[in-house]
Amino acid sequence: MTIERTLSIVKPDAVSKNQIGEIIHRFERAGLKVVAAKMLRLSKERAEAFYDIHKNRPFFNDLVNFMLTGPVLVQVLEGDNAIAKNREIMGATNPKDAAPGTIRADLAESIEANAVHGSDSPENAKVEINFFFTPAEIYSRA
Ligand code: IDP
Ligand code: MG
């Protein structure tokens, strides 16, 4: 067992379609626990900082603007192998490539408006969790 924590974001498209519960239910069914959560609206500066690793990609400006279109739900998921497990439940970035039964295959509209974000490595999970949460806001249930 490797208990990990990962950052998950329910993106503006899924929030606006009232799919928060549907998405969290999938994480919980897979054994992941929500140990921190809040809803917020990103500022342009915060969205640019969060996606800094993509700043040279052609889709950067569109991605930042999309993340500003409405509130998001940010959460920390905890559980065995949480980083890879979350990515598996999310599915591939482009919903057209996502495996059947994944969040993105079932709920996402496009490669940009793709319902969820999930950390892709232990290093990034740590940075991304610290970006949104203080240690006192995380309620470990490991
Ligand atoms: P990931 O979310 O599956 O980890 P990344 O490659 O890290 O995918 O890209 C971050 C986000 O940028 C994606 O979730 C998606 O919203 C957006 N994105 C990625 N590739 C494209 C693209 O080719 N066109 C438009 N948006 C994209
Ligand atoms: Mg990514």
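Order of appearance sets the numbers: ligands from 1, and atoms from 1 within every ligand.
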What are the two closest non-hydrogen atoms of A105 and P100, and how far apart are they?
CB-CA, 4.3 Å

Checking side chain to side chain contact (heavy atoms under 4.5 Å, CB included) between V76 and each of E128, R5, E137, which is the one that passes?
R5

Quiz: residues 79-93 side-chain donor-acceptor pairs under 3.5 angstrom, not counting sequence neighbours:
from: D80; atom 1: OD1; to: T2; atom 2: N; distance (Å): 2.7
from: K85; atom 1: NZ; to: A30; atom 2: O; distance (Å): 3.3
from: R87; atom 1: NH1; to: G118; atom 2: O; distance (Å): 2.9

Of all the heavy-atom pairs spanning N114 and A108, show the shortest one and how long it is.
CA-CB, 3.5 Å

Around ligand 1, what residues show up once you keep those with a heavy atom under 4.0 Å from it?
K11, H54, F59, L63, R87, T93, R104, I111, E112, N114

Measuring centre to centre across the rings, with the benzene-like ring taken for any Trp, is F131 within less than 6.0 Å of F50?
yes

May I ask you to decide whether R26 forms a salt bridge with D106, counting only side-chain N to carboxylate O separations under 4.0 Å?
yes

